[in-house]
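To start, the structure under review is shown below, and the notes come after it.
Not measured: the values here are computed from a predicted model. So that the names make sense, note that chain A is the first sequence line, chain B the second, and so on, each numbered from 1.
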Number of protein chains: 2
Amino acid sequence: MRRDIFQAIADPTRRAIIALIAVQAMTPNAIAEHFDSTRQAVSKHLKILTECELIKQEHQGREIYYQLEIEKMKEIDKWLEQFRQIWESRFQQLDQLLATIQKK
Amino acid sequence: MRRDIFQAIADPTRRAIIALIAVQAMTPNAIAEHFDSTRQAVSKHLKILTECELIKQEHQGREIYYQLEIEKMKEIDKWLEQFRQIWESRFQQLDQLLATIQKK
DNA sequence: TGTATGTGCAACTGGTTGGTTTCTCAAAAT
DNA sequence: ATTTTGAGAAACCAACCAGTTGCACATACA
């Protein structure tokens, strides 16, 4: 059972859930109302997201509020870092090229 | 057949391939040498990556060099943008809190 | 021309995944 | 005390996925 962030955000429904609870913590029922699938299906997604620590629970009576662990999202950002260096250097190269053209 | 960037980067082998050819364009055989799986398996990954335009081919005789489409990687960065706003505002809140404590 | 090499494609396979339905359990409400 | 409500867990299923082996085809080389 592979369970990492990249696999977690691969599913569009899960990405939608993440975006939803990023705004404010919500219960499974409230989340499920935004989708066509059943609450149980949403619950499964929440379980996966919880397992890779992208979200956390907050019990309040019999209700459970799910909240985004924004810190964990930074791990994706961290992975992107290596490529950001490339696209920034490409941009710099283009910049230098444009400067050279202007000089002529 | 769902084929988007997020599903493409969900697989660890594909992420490794991306990181590999980010440095320099490579042929399928050369890429496959870096992994335990067969060339055909790598070829399948390359097909998926090509389909969602994360990489592009460059034919050279009978060899095919695969190259990263760095621009496409920015789409992940773009999706992260909405969360970056959140974690930056959280940081700002913490900053203000620390400033308030110091004043006391 | 015949052979070796680089590559993609098709068929098959076991494991995973996303979904459903059914069940259980605890907390609220009546 | 009984019923309603919110939620997770288990069993099941169709679809998908990552890998394999085998094959086809083009290019390079002898």
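- Between the CD atom of A:Q57 and the P atom of C:dA26 there is a distance of 16 Å, given to the nearest Å.
- Taking only side-chain nitrogens and oxygens, B:Q7 comes nearer than 4.0 Å to OP1 or OP2 of D:dC17.
- Within 4.0 Å of B:I31, counting heavy atoms only, lies no atom of the nucleic acid at all.
- Going from atom CD1 of A:I48 over to atom C1' of C:dT16 covers 10 Å, rounded to whole Å.
- One atom, CZ of A:F6, and another, P of D:dA18, lie 16 Å apart when rounded to the nearest Å.
- When each of D:dC17, C:dG19, D:dG19 is scored by its nearest atom to the side-chain atoms of A:A41, the top-ranked nucleotide is C:dG19.
- Counting to the nearest Å, the P atom of C:dA27 and the CD1 atom of A:I64 are 11 Å from each other.
- For A:E33 and D:dT5, the CD to P distance is 14 Å, given to the nearest whole Å.
- The closest donor-acceptor contact from the side chain of B:E53 to the backbone of B:T50 lies at 3.5 Å or more, if one exists at all.
- If you take CZ of B:R39 and P of C:dC9, they are 11 Å apart, rounded to a whole angstrom.
- Toward the 5′ end of DNA chain C lies the nearest nucleotide of A:V42, the other residue of the pair A:V42 and A:G61 mapping further downstream.
- Each of B:T13 and A:Y66 was assigned the nucleotide of DNA chain D with the nearest heavy atom; the assignment lying further toward the 5' end belongs to A:Y66.
- The side chain of A:E63 approaches D:dA7 more closely than any other nucleotide in the set D:dA7, D:dA18, C:dT20.
- Atom CG in A:D11 sits about 14 Å away from atom C1' in D:dC17, given to the nearest Å.
- With the nearest nucleotide of DNA chain D identified for both A:L46 and A:R62, A:R62 has the one nearer the 5' end.
- The side chain of B:Q40 places no N or O atom within less than 4.0 Å of a non-bridging phosphate oxygen (OP1 or OP2) of C:dA10.
- Listed by chain and residue number, B:F35 satisfy the side chain to side chain contact (heavy atoms under 4.5 Å, CB included) test with B:A16 (two or more places apart in sequence, or in another chain).
- One finds a side-chain N or O of B:S43 lying less than 4.0 angstrom from the OP1 or OP2 phosphate oxygen of C:dG8.
- Rounding to whole angstrom units, CZ of residue A:R3 and P of C:dG15 are separated by 17 Å.
- The main-chain N or O of B:I9 is found under 3.5 Å from a side-chain atom of B:R15 such that the two form a donor-acceptor pair.
- No side-chain donor-acceptor contact under 3.5 Å links A:Q57 and A:Y65.
- At least one side-chain nitrogen or oxygen of A:H45 sits closer than 4.0 Å to the OP1 or OP2 atom of C:dG19.
- A donor-acceptor contact under 3.5 angstrom links the side-chain atoms of B:K44 to the base of D:dG19.
- To the nearest 0.5 Å, the span separating CG on B:L46 from OH on B:Y66 amounts to 5.0 Å.
- Contact annotation: B:N29 reaches the phosphate of C:dT7 (side-chain N/O to OP1 or OP2, under 4.0 Å).
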